[in-house]
Structure formats: C-alpha cells, structure tokens
Amino acid sequence: MSRISYVNGAYVRHMDAVVHIDDRGYQFADAVYEGVTVRHGRMVDLEPHLDRLWRSMGELRIAAPMQRGPMRFVFREVIRRNRIENGFLYIQVSRGVARRDHAFPTTPVHSSLVVTLKRLDVDGVIRRAEKGVKAHTEPDIRWGRCDVKSTSLLPNILAKQAAKEKGGFEAVLVDTQGYVTEGSSTNMWIVRKDGVVQTRSTADNILPGITRATLLKIAAELQIKVVEEAFSLDAAKDAAEMFLSSSTGCATPIVELDGHMIGDGTPGPVAKRLVEAYRRYMDA
Ligand code: PMP
C-alpha cells in the first residue's frame, strides 16, 4: 500500500504530492508547521498543537486554510488512509502561491495545507529515552522570533548536522551570553544538584514546546519542583541530570555533552520518572 498525503484539498499518493514552485513556503519559508505524534492511532496533545498552529499563523498573518473542525477531520483521514498506528503527523501551512515578491501578496491568496504521515517507532523512542543520548553544543544563530513555529529552519538543520557529525543525537544551542536556549528541535532541561528542575521560560525566545508544557503538568503531579529560568552551559555541565523534550523525543536524558559526562553518565532518577509518566500519559 502506498503512502497517502493530503495537499490542498486532495488525498494523493505521497510520491505524487506536490506544491507549486511559486508557493511562498518553497520560495521564502513563509510557512508554519506542526509535528504531532500518533500513538495507537491517537494524536497526542492534538488540541495544544492546533492552538500553537493558530497562534503561529496569527503572528505571521497567514490565513487559516480551513477551520479547526475540518482540519481535525483531514488529520484523522490521513491516519486512517495510511493505516498507521504509531507515526509522526506533519502539518504545514504556507501563505500560498503568488508571483514572487518579498512583501505579502496584495490580492488574497489561499494558504496551502500539506499533511503527511510517516511511521514512527514510539516504543523505540521510549527505549532510547531509557538509555540516554549524547549531545553537542552549537552557537544559536537563529532570529528573534523563535516562538513562531516557522519552517525557516536553516540554522536548526545546520546545528543538528554539526552535532550529528560529532556523533551526537541533538545540538544544544547556546546564546552569546553562554546560556542554553533550546535544542535544534527540542526544549532543554536540567536537574540541578539541589534536585530542582530548570528549563528556560517560553517568554525568552524559544519555541513553546507542547511536550514541555505536558511535562510541566506531569512534574507538578509528581511534586517535582520546576523553575522556568534560563540556565548557562556551565550550569548544564555541572547538573545532576539533563534531558531534552519534544513530541518525538519524550523526555530523553542527555548523558554526555561535548564529551563531558552529565551526572554519572547514565539517565538519572528524575528523567526516568518523567519518561515513565510520559509513556503512561501517551498510552492513557
Ligand atoms: N524547540 C524547537 C526548536 C523545535 O523545533 C521543537 C519541535 N518541533 C521543540 C522545541 C519541541 O516542541 P514539541 O514538544 O512541541 O515537539
């Protein structure tokens, strides 16, 4: 069975799914996106993902391609038609197709909606979270609106590639003051030696991660103390634990950063509790 994707009103074979070369998403990365984990056929945290998509579109003045109800239907239909139980649902909305000009089109254009689904080994994600990963730092050279989930990801992919070439799973982005901002596609957390969990505030030019928000709720339920405050690279290296969060990354411990062992170099007790609680949350 071939993969099915949704493109602007049609469900098509993935290999035939195309957008126009004048699409502003293609030309300018004038587009926003979401990535939703599908677990046992169910979309994890769908409503917060839709809230964030609407916020991103609003911030960039991209018109919604359709209302939320029909969009939920399209997502469910893509999942149904692909018969995928565990996957990664990708949603992209671009400003639409218009004659190339940096400024917004002066006549109204339809925004473009693309929805794809690929298999994701969610159990593999959890197994990786039980082992931990290595990461490498990269300078954060992104723009001042990282709160918008835009497809302008060139700095992110360059950082991820650099980390990968050094043998790391993720790039930890560090600003000019020596503070960790986030990962190339993840939010960053530490567990300080006093047991307090620390993660940068979303008011501080980072993506408001959906997994981050869910983990904050889970931590509160587990009575784990969390402060939302920036931490430095030095603080990360000195931390008892470090972990990343994302829809496809759960609460994965970082056990080695730039070749430096974090804690004892194995997943710590706080991250372990969060991974287990997040797995239960996904399966609920
Ligand atoms: N930060 C960045 C830069 C990201 O791209 C992502 C993943 N899209 C995240 C954080 C994590 O967000 P979420 O938990 O919503 O997947």
Side-chain angles (χ1 to χ4, degrees), residues 29 31-39 43-57 59 75 86-93 115-118 120 122 125-126 128-129 133 135 137-164 168-175 179-190 199-219 226 228 230-231 242-252 254 271 274-275 277-279 281-282:
V32 296
Y33 73 106
E34 282 297 323
V36 181
T37 295
V38 177
R39 173 78 163 159
M43 291 173 271
V44 179
D45 282 334
L46 173 61
E47 294 310 315
H49 278 287
L50 284 175
D51 289 343
R52 187 172 64 183
L53 179 63
W54 252 256
R55 179 182 179 275
S56 297
M57 290 189 294
E59 290 299 305
F75 297 171
N86 295 296
F88 177 73
L89 188 76
Y90 177 78
I91 302 124
Q92 181 175 316
V93 178
V115 183
T116 65
L117 181 67
K118 65 176 182 184
L120 175 71
V122 182
V125 168
I126 293 165
R128 185 175 61 213
V133 296
T137 54
E138 288 296 323
D140 191 343
I141 56 167
R142 300 173 305 156
W143 67 328
R145 288 304 308 272
C146 296
D147 59 306
V148 175
K149 197 160 171 59
S150 125
T151 59
S152 314
L153 291 171
L154 202 46
N156 307 58
I157 65 169
L158 292 177
K160 179 85 96 188
Q161 181 62 23
K164 189 176 166 187
F169 172 75
E170 175 59 309
V172 175
L173 304 179
V174 181
D175 70 14
Y179 283 87
V180 170
T181 54
E182 58 189 320
S184 72
S185 62
T186 58
N187 290 114
M188 286 292 159
W189 308 65
I190 56 170
T199 192
R200 191 178 176 97
S201 160
T202 54
D204 223 352
N205 195 34
I206 57 166
L207 188 80
I210 304 299
T211 319
R212 177 188 180 283
T214 297
L215 287 173
L216 285 176
K217 281 191 217 140
I218 290 175
V226 183
E228 294 182 70
F231 57 86
M242 183 173 192
F243 58 94
L244 58 81
S245 70
S246 74
S247 300
T248 55
C250 189
T252 301
I254 293 173
L274 290 172
V275 169
Y278 189 75
R279 188 190 60 72
Y281 173 81
M282 279 199 296

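FYI, side chains are in, hydrogens and waters are out, and symmetry mates aren't considered; it's all heavy atoms of this structure. What you see is a predicted model; the values in this text were computed from it and never measured. Atoms within a ligand are numbered from 1 in the order they appear, just like the ligands themselves.
Each of the atoms 1 (N), 2 (C), 3 (C), 10 (C) of ligand 1 lies under 4.0 Å from some heavy atom of Glu182. Heavy-atom proximity to Ser246, at under 4.0 Å, picks out these atoms of ligand 1: 11 (C), 14 (O), 16 (O). The ligand atoms of ligand 1 that sit less than 4.0 angstrom from a heavy atom of Asn187 are 10 (C), 11 (C). With ligand atoms numbered from 1 in the order given, ligand 1 contributes 5 (O) to contacts under 4.0 Å with heavy atoms of Tyr33. The ligand atoms of ligand 1 that sit less than 4.0 angstrom from a heavy atom of Gly209 are 12 (O), 13 (P), 14 (O), 15 (O).
Checked by atom type, the side-chain pair Trp143/Ser152 shows no donor-acceptor distance below 3.5 Å. Using a 3.5 Å distance cut-off with no hydrogens or angles, the side chains of Thr181 and Asp140 do pair a donor with an acceptor. Inspection of the Asp147 and Thr202 side chains reveals no N or O donor paired with an N or O acceptor under 3.5 Å. A donor-acceptor contact closer than 3.5 angstrom is absent between the side chains of Thr151 and Gln92. Using modelled atom types, one finds no donor on one side chain facing an acceptor on the other under 3.5 Å when comparing Thr199 with Glu228.
Under 4.0 Å from ligand 1, not a single heavy atom of Thr248 appears. At a heavy-atom distance under 4.0 Å, only side-chain atoms of Leu207, from C-beta outward, approach ligand 1.
Close N/O approach between Ser245 and ligand 1 is not found [any backbone or side-chain N/O within under 3.5 Å]. For Arg52, a nitrogen or oxygen atom sits less than 3.5 Å from a nitrogen or oxygen atom of ligand 1, counting backbone and side chain alike.
Of all protein heavy atoms, the one closest to atom 14 (O) of ligand 1 is Thr211 OG1, 2.7 Å. The shortest contact between atom 7 (C) of ligand 1 and any protein heavy atom is with Ser185 O, 3.2 Å. For atom 8 (N) of ligand 1, the closest heavy atom belonging to the protein is Lys149 NZ, 2.3 Å.
Remark: of the listed residues Arg128, Lys164, Lys160, Lys160 is the sole one forming a salt bridge (charged side-chain N to carboxylate O under 4.0 Å, His left out) with Glu170.
Look at Ser184 and you'll find a heavy atom under 4.0 Å from some atom of ligand 1.
Counting only heavy atoms from C-beta outward, the side chains of Met188 and Ile206 never approach each other to under 4.5 Å.
Salt bridge annotation for Glu34-Arg52: present, with a cationic side-chain nitrogen under 4.0 angstrom from a carboxylate oxygen.
Aromatic pair Tyr179/Phe231: centroids not less than 6.0 angstrom apart.
Of the listed options Ser247, Gly35, Gly183, Ser150, Ser247 places a heavy atom closest to atom 16 (O) of ligand 1.
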